[in-house]
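Numbers here simply count residues along the sequence, with the first being 1. Below, each value reflects all heavy atoms present in this structure, side chains not excepted, and no hydrogens, waters or symmetry copies.
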Amino acid sequence: MSIKIVETSLRDGHQSLLATRMTTEEILSIVPELDKAGFHALEVWGGATFDSCLRFLNEDPWERLREIKKLAPNTKLQMLFRGQNILGYRHYADDIVEKFVQKSIENGIDIIRIFDALNDIRNLKSAVDATKKYGGHCQIALSYTTSPVHTVSYFVNLAQEVEKMGADSLCIKDMAGILLPSDAFDLITQLKKNTKLPINLHSHATAGIMEATYIKAIEAGVDIIDTALSPLSGGTSQPATESFHYILEHTKYDPKLNIKHLNNAAQKLTFIKDNYLKNGILNPKALTSNPSILQYQVPGGMLSNLMSQLKEQNQMQDYEEVLKEIPVVRKDLGYPPLVTPISQMVGTQAVMNVISGERYKIVPTEVKEYLHGYYGQAPAPVNPLVLAKIIGNDHIITHRPADDLKPEFEDLKKKYAYIAKSDEDILSIALFGKVALDFLEKKYQEKPKQQVYAFSVTIGGKPL
Ligand code: CO
């Protein structure tokens with residue numbers, strides 16, 4: 001059975017290694033070669049790519065998508081979608097989720113990979129329904145992590161539920177790169193036995209184990225793997241695409257990639273990457289293997305965030321202690337997977353516990369909201385002592401967080417009619433507020449006729 005390959009250099013590859021700074025021009029220079037290489041899909045869009053376009057590159061992410069589509073007529077385009085968080089960091093109303101899915105598909109996305117940080121499937125439902133409604137391929141991703149509750153049967157049960165929800169395929173999203181080869185074999189074997197869904201494995205090379213893990217997953221029957229073209233592979237990114245071409249060629253798993261086009265694209269991408277090495281955006285440290293993440297189970301991106309937080313506060317001497325505190329916080333919070341936006345919460349709480357010298361003396365707003373149920377249900381019960389200390393007898397919601405949100409799109413459309421020229425502009429504003437408004441102001445080069453505020457939105461009466 002031929003393995004299918006998703007090429008990630010245009011999304012996760014540069015997100016993992018180049019702080020998501022690749023420009024549309026750089027991306028477009030390699031798309032025609034990638035389009036001819038025989039990939040199952042090109043992953044091109046997601047939260048960080050969208051944010052970075054508006055915030056740092058002064059580029060319209062919707063235009064980038066349309067341009068890529070024009071140059072890739074033969075290959076499906078894929079995006080990563082954070083369930084009810086869409087591409088942002090909070091929960092959005094259902095009408096924004098639906099509109100975002102509709103417009104993503106209209107502008108060129110074929111496959112939408114939808115996940116929820118907590119694997120709370122209620123948070124996936126509106127994105128899933130919208131993807132089906134507008135004719136996209138709906139891939140549901142389960143956030144992979146290890147804990148006493150995250151057993152093989154936990155993932156099998158979830159997989160069966162998402163199959164019932166209408167997923168077209170399933171992804172195991174190992175954002176931290178901690179899935180060991182033997183565990184991958186067991187997990188994929190059981191998933192293949194218990195669902196009919198094609199299975200995609202997404203992981204990171206961070207710990208230096210991922211080629212081995214992918215091979216075991218392939219032997220267990222995985223259908224699709226995610227890899228990045230060699231210049232943007234390895235380290236905190238995916239394993240290299242060309243390596244898997246050579247590993248699998250002449251076997252029954254041959255993905256039938258065209259190595260000539262891969263080499264052409266890699267050559268161009270090497271020039272691009274070298275510029276990011278010179279200007280310091282690519283840190284060579286991100287390119288070496290870091291097996292110690294297997295000890296702490298902390299994603300590579302989270303490690304570098306922690307380092308910069310501690311450096312800012314001149315507390316680098318606490319680094320080891322913070323690393324040890326992370327598993328404690330994670331256990332107290334009911335073992336959430338460490339993925340955006342939960343990884344930032346857990347990391348910040350661990351830093352505060354260590355720096356203040358007392359656990360949960362200082363608690364970030366987001367952690368309080370998490371404990372109130374505003375992100376969904378924790379995978380395991382929260383430590384009752386910690387809960388009592390932080391939120392006392394406050395009411396905890398048990399319904400789907402977005403049930404409290406009123407439709408937002410039409411109001412935003414009226415409010416920003418003076419600057420937005422399309423529904424896509426409104427969606428950029430809905431997700432990125434002032435960052436998007438500043439961008440649109442520059443793009444259309446006219447002063448807004450009213451004072452612009454970064455608007456705040458509330459869930460369950462609490463500002464986020
Ligand atoms: Co990833």
Search all heavy atoms of P148 against all heavy atoms of T151 and return the closest pair with its distance. O-CG2, 3.6 Å
Measure from the side-chain N and O atoms of S126 to the backbone N and O of V97, and report whether any donor-acceptor pair falls under 3.5 Å. no
Is the closest side-chain heavy-atom distance between Q313 and I355 below 4.5 Å? yes
Is there a side-chain contact between I390 and L387 (heavy atoms, below 4.5 Å)? no
Roughly how far, to the nearest 0.5 Å, is the OG atom of S9 from the CG atom of L34? 5.5 Å
Please check if any side-chain donor atom of E106 sits under 3.5 Å from a side-chain acceptor atom of Q102, or the reverse. yes
Salt bridge (Lys or Arg N to Asp or Glu O under 4.0 Å) partners of K173, counting only residues at least two apart: none
Which residues share a ring-ring contact (aromatic ring centres under 6.0 Å, His included) with F39, sequence neighbours left out: none
Indicate the ring-plane relationship of Y370 and Y375, choosing parallel, tilted or perpendicular according to the 30° and 60° boundaries. tilted
Given the rule in the salt bridge (Lys or Arg N to Asp or Glu O under 4.0 Å) test, do D94 and K406 qualify, once you have shown the distances and angles that lead to the verdict? CA-CA 8 Å; D94 291 328; K406 291 195 188 71; over 6 Å; no
Validation row: N200, L170 side chains within 4.5 angstrom (heavy atoms): no
Evaluate S169 against H137 for side-chain contact (heavy atoms from CB on, under 4.5 Å), listing each step before the verdict. CA-CA 8 Å; S169 61; H137 174 109; 2.8 Å; yes
For the side chain of S237 and the backbone of G234, is there at least one donor-acceptor N/O pair under 3.5 Å apart? no
Plane angle bin for H204 and H202 - parallel if under 30°, tilted between 30 and 60°, otherwise perpendicular: perpendicular
Check whether any side-chain heavy atom of N107 sits under 4.5 Å from a side-chain heavy atom of E424, and report yes or no. yes
Reported CD1-to-CE distance for the pair I293 and M302, which is rounded to 0.5 angstrom: 12.0 Å
Locate the shortest heavy-atom distance separating L405 from A93; write the atom from each residue and the value. CD1-N, 3.7 Å
Between K76, Q78, K69, which is the residue that forms a side-chain hydrogen bond (donor to acceptor under 3.5 Å, both in side chains) with D110? K69
Mind listing the closest non-hydrogen atom pair of G177 and A207 along with its distance? O-CB, 4.0 Å
For V354, which residues count as a side chain to side chain contact (heavy atoms under 4.5 Å, CB included) partner, sequence neighbours excluded? D318, E321, V322, E325
Residues forming a side chain to side chain donor-acceptor pair (under 3.5 Å) with Y253, sequence neighbours excluded: none
Check: I96 and L431 side chains under 4.5 Å, non-hydrogen atoms: yes
How many angstroms lie between atom CD of E366 and atom OG1 of T348, to the nearest 0.5 angstrom? 7.5 Å
Please check if the distance between the ring centroids of W62 and F439 is under 6.0 Å. no
Apply the test side-chain contact (heavy atoms from CB on, under 4.5 Å) to residues L80 and W45: give CA-CA distance (whole Å), side-chain angles for both, the deciding distance (0.1 Å), then the verdict. CA-CA 6 Å; L80 183 61; W45 235 42; over 6 Å; no
Between D60 and L54, is a side-chain contact (heavy atoms from CB on, under 4.5 Å) present by the stated rule, with each step listed? CA-CA 6 Å; D60 193 322; L54 297 171; 5.6 Å; no
Sequence-distant partners of E358, side chain to side chain donor-acceptor pair (under 3.5 Å), two or more places apart: K389
Please identify each residue that fulfils side chain to side chain donor-acceptor pair (under 3.5 Å) with S289, with sequence neighbours left out. none
Going by the salt bridge (Lys or Arg N to Asp or Glu O under 4.0 Å) test, which pairs reach into residues 191-208, not counting sequence neighbours? K192-D223
Ion pair present between D423 and K413, side-chain N to carboxylate O less than 4.0 angstrom? yes
Would you mind reporting whether I111 and V6 have side-chain heavy atoms less than 4.5 Å apart? no
Look up atom CD1 in I121 and atom CG in L158, then write down how far apart they are to the nearest 0.5 Å. 7.0 Å
I'd like to check the side chain to side chain contact (heavy atoms under 4.5 Å, CB included) partners of T145; sequence neighbours left out, ordered by chain and number. H150, R330, P337
Spacing of CG belonging to L232 relative to OG1 belonging to T8, to within rounding of 0.5 Å: 8.5 Å
Please tabulate, for the side chains in residues 182-191, all donor-acceptor contacts under 3.5 angstrom to protein atoms that are two or more places apart in sequence or on a different chain.
unit_1	atom_1	unit_2	atom_2	d
T189	OG1	F185	O	2.5

Can you measure from CD1 (I218) to CD1 (I224) and round to the nearest 0.5 angstrom? 12.0 Å
Between P379 and V149, the two heavy atoms sitting closest are CB-CG2, 4.2 Å
If you compare all heavy atoms of L248 against all heavy atoms of P255, which two are closest, and at what distance to 0.1 Å? CB-CD, 3.5 Å
Tell me if a side-chain donor or acceptor on N85 pairs with a main-chain N or O of Y89 at a distance below 3.5 Å. no
If you count every heavy atom of other residues, nucleotides or ligands that lies below 6.0 Å from K103 atom NZ, does the total exceed 12? yes
CD (Q377) with more than 12 external heavy atoms under 6.0 Å: no
Would you say F115 and L142 make side-chain contact, with heavy atoms under 4.5 Å? no
Please list, chain by chain and in numerical order, all residues satisfying salt bridge (Lys or Arg N to Asp or Glu O under 4.0 Å) with E59, sequence neighbours excluded. R64
Is the shortest side-chain N to carboxylate O distance from K99 to D95 below 4.0 Å? no
Are V329 and N353 close enough that some pair of their side-chain heavy atoms sits under 4.5 Å apart? yes
How are the rings of F155 and Y144 set to each other: parallel, tilted or perpendicular (split at 30° and 60°)? parallel
NZ or CZ of R21 within 45° of Y276 ring axis and under 6.0 Å: no
For residues 116-139, the salt bridge (Lys or Arg N to Asp or Glu O under 4.0 Å) pairs (sequence neighbours left out) are E98-K133, D120-R122, K125-D129, K132-D168
Salt-bridged, K164 to E161, with N to O below 4.0 Å? no
Backbone of S143 reached by a side-chain donor or acceptor of N119 within 3.5 Å: yes
Do T227 and T241 have a side chain donor and acceptor closer than 3.5 Å? yes
If the condition is side chain to side chain donor-acceptor pair (under 3.5 Å), which residues does R11 pass it with, not counting sequence neighbours? Q15, E43
What are the two closest heavy atoms between G13 and Q238, and how far apart are they? N-OE1, 4.1 Å
Under 3.5 Å, side chain of H14 to main-chain N/O of M22, donor-acceptor pair present? yes
Ring centres under 6.0 Å, that's the criterion: do F100 and F50 meet it? yes
